[in-house]
Amino acid sequence: YRQVYLQPSEIIHQQESDNGFIVKVRRLRERLLEQLETYPFGDDELSILQALTLGHRDSINPELYQSYASAGAIHVLAVSGLHVGILFFILQWILRPLRLIRYGRKTGLILLVITLWGYALLTGLSPSVTRAVTMFSFFGLAQLLNRPTNSINTLFLSFFFLLLWNPKWLFEVGFQLSYLAVFFIIWLHPLFRKIYSPKFYPDKLAWSVISVSVCAQLGVAPLSIYYFGQFPGLFLLSNLVILPFIGILVGTGLLTVLLSGVNLLPNWLVDVVSLLLRTLNNFVRWISEQQAFVIKDINLELPVLLCSYLVLIFMVKLLNEFRYSHLRNLLFTIIVFLSSICVAELENKGERMIVFHKSRSSLIGVQSDRKLLIMKCDTNSYSDQFPIKDFRKDEGIRFYSETDMPSVWRFRNKTMLVVDSNSIYPRRGKVDVLLLRDSPRIHLDRLIDSLNPEQVVADGSNYHSYVKRWRRSCLNRKLPFHHTGDSGAFILE
């Protein structure tokens, strides 16, 4: 909402303590990342390995990252409950011999929880991994105290304590999606077990992956559409292949990181892990290329989002137990849901013109209900670029087109004139809005005397020195001046 400009002398640089525990853990993580780079992994394979095991996603190719998003497998790249769960079962198997000695079970649980928290620190304590480790810690504590556990209670207990630790996590998308996915898996999975109970192991494995994927996707789909405006139609296929595959990959990946840290990583293991990662990346790319199954540019208003969750909750309650009250509540929420969609459609009626801010470019949009016409001055397409892409999603634009920007046009009985680097403009006439683009070399005072504009607008294609001079001229004449770089997009309704 606001910008603050500071001089270098006003910035205080605070040095980190070299002896801090968190600093030492961070340096250990950096050392492990550097050690992995010394082995002959491909760039894409190395970046995915670093993301899967150490939560480092900065080096992932943007094109590959988008492929994972389009395939509905972006959760694989974030160290989360899936990875912690795999590590939990691996550690349980390693520590199983401790049960043969006195107090071995309790010792094993304590070592398990300490190791999980150490791994959470090593991966950067992201909300998803912290949530998972906190949940497993409460499960371990219940086992130590010989107390019965309830998954829902444990989930909300971890939710409560994490928000006590950092209340701002409540507003993080990853935190919200993580808890919603786990809650719906715990809540809905018993219903899927009622529907079908397989007898053979391959059948059980496939049904388990399908049911867990559907439960998680039902839980996060409305919120994911609300934030990202797209839905991966092939999420079931991708999860059916990736989730069993990821268990092997995380296990071998963690072993790879451990051995590389002590310089004992054999070349044959590097080749095996590289092959697994290459296969995973190729499959994800193939899934993402099926663009017909990726539903994009979906607009979901907040009231519609809330109503969709109410419909989902009452539908599950009705399927669990058929009662008249549940049916009545479901029908009522469906009516509210459809009404909220109608209200959202009616609210977007109207027409307006927007001068967008984009550095070194000039973009003017004319919006009419769900239609958007972009006027531009070059041959580039801006449909999938910032800020047009986000604007289209937020406004629910369905019909999009682009055309060349004219020098003069009228909008709502107002005349708009564009003056560019050619510095050509009429010597007489009346202009309501004057748009300066591409740093025209003009004497603004003379231009104002000639055309007497009501508003002067400068977009992101101008030099800052020119903008400062124009602002002073308009201030002296008490003429409204709008720079998109300082004040955001200029909107005329």
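These numbers were taken from a predicted model, which means no experiment stands behind them.
Using a 4.0 Å cut-off between a side-chain N of Lys or Arg and a carboxylate O of Asp or Glu, E493 and R412 do not qualify as a salt bridge.
Not one N or O on the side chain of K358 forms a donor-acceptor pair closer than 3.5 Å with the backbone of G460. Side chain of S423 to backbone of V419: no donor-acceptor contact under 3.5 angstrom is found. Without hydrogens or angle criteria, Y425 side chain to D420 main chain gives no donor-acceptor distance under 3.5 Å. Side-chain atoms of S461 come within 3.5 Å of backbone N or O of D438 as a donor-acceptor pair.
Here the side chains of V311 and L330 are in contact, with some heavy-atom distance below 4.5 Å. The shortest distance between side-chain heavy atoms of R278 and N281 does not fall below 4.5 Å. Two residues are said to be in side-chain contact when any heavy atoms from C-beta on lie closer than 4.5 Å; D486 and R471 meet this criterion. Between V84 and M135 there is no side-chain heavy-atom pair separated by less than 4.5 Å. The side-chain heavy atoms of L162 and F175, taken from C-beta on, include a pair separated by under 4.5 Å. In this structure, H443 and D445 have side chains that are in contact, with non-hydrogen atoms separated by less than 4.5 Å.
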* Stepwise side-chain contact (heavy atoms from CB on, under 4.5 Å) check, L46 with Q50 -> CA-CA 6 Å; L46 177 62; Q50 291 174 335; 3.9 Å; yes
* For the pair Y179 and S158, evaluate side chain to side chain donor-acceptor pair (under 3.5 Å) and give the outcome as yes or no after the intermediate values. => CA-CA 10 Å; Y179 268 95; S158 67; 3.0 Å; yes
* Kindly determine whether L312 and F337 satisfy side-chain contact (heavy atoms from CB on, under 4.5 Å), including the steps that lead there. => CA-CA 11 Å; L312 186 59; F337 174 70; over 6 Å; no
* Residue pair F356, F391: steps toward the ring pair (Phe, Tyr, Trp, His ring centres under 6.0 Å) verdict -> CA-CA 10 Å; F356 292 98; F391 182 82; 5.2 Å; yes
* Yes or no on side-chain contact (heavy atoms from CB on, under 4.5 Å) for L52 and L277, after CA distance, side-chain angles and deciding distance? -> CA-CA 10 Å; L52 282 172; L277 289 167; 3.9 Å; yes
* To do: Take L373 and F399 through the side-chain contact (heavy atoms from CB on, under 4.5 Å) test and state the conclusion after the steps.
  => CA-CA 8 Å; L373 171 65; F399 304 99; over 6 Å; no
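Minimum interatomic distance between E402 and S383 (heavy atoms only, all atoms of both residues): OE2-N, 3.5 Å. Among all heavy-atom pairs drawn from G219 and Y309, the shortest one is O-OH, 2.5 Å. Nearest heavy-atom pair across L49 and T256 is CD2-CG2, 4.3 Å. Across every non-hydrogen atom of F184 and C215, the tightest pair is CB-O, 3.4 Å. Taking both residues in full, the closest heavy atoms of Q35 and S260 are given as NE2-O, 2.9 Å, listed atom of the first, atom of the second, then distance. Closest non-hydrogen pair, Q176 versus Y227, comes out as OE1-OH, 2.8 Å.
Annotation: R441, atom CZ; neighbour count of heavy atoms from other residues, nucleotides and ligands within 6.0 Å does not exceed 12. Within 6.0 Å of atom CG in D378, more than 12 heavy atoms from other residues, nucleotides or ligands are found, so the atom counts as buried in its surroundings.
Within the structure, salt bridge (charged side-chain N to carboxylate O under 4.0 Å, His left out) contacts touching residues 160-169 (residues at least two apart or in different chains) do not occur.
Between atom CE of residue M315 and atom CG of residue L310 there is a gap of 12.0 Å, rounded to the nearest 0.5 Å. To the nearest 0.5 Å, atoms CG (D44) and CD (E63) are separated by 7.5 Å. Considering OG of S178 and CZ of F183, their distance stands at 13.5 Å, rounded to 0.5 Å. How far CD1 of I48 is from NE2 of H56: 11.5 Å, rounded to the nearest 0.5 Å. Going from atom CG of L122 over to atom CZ of R26 covers 12.0 Å, rounded to the nearest 0.5 Å. Taken to the nearest 0.5 Å, the CZ atom of F490 stands 16.0 Å off from the NE2 atom of H357.
Residues satisfying the ring pair (Phe, Tyr, Trp, His ring centres under 6.0 Å) criterion with Y226, sequence neighbours excluded, are absent altogether.
A perpendicular orientation is assigned to the rings of Y466 and Y463, their planes being inclined by more than 60° (bins at 30° and 60°). By the 30° and 60° cut-offs, the orientation of the rings of H464 relative to H483 is perpendicular.
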Just list the side-chain donor-acceptor pairs under 3.5 Å for residues 429-437, sequence neighbours left out, or say none.
unit_1, atom_1, unit_2, atom_2, d
D432, OD2, T415, N, 2.7
R437, NE, S362, OG, 2.8

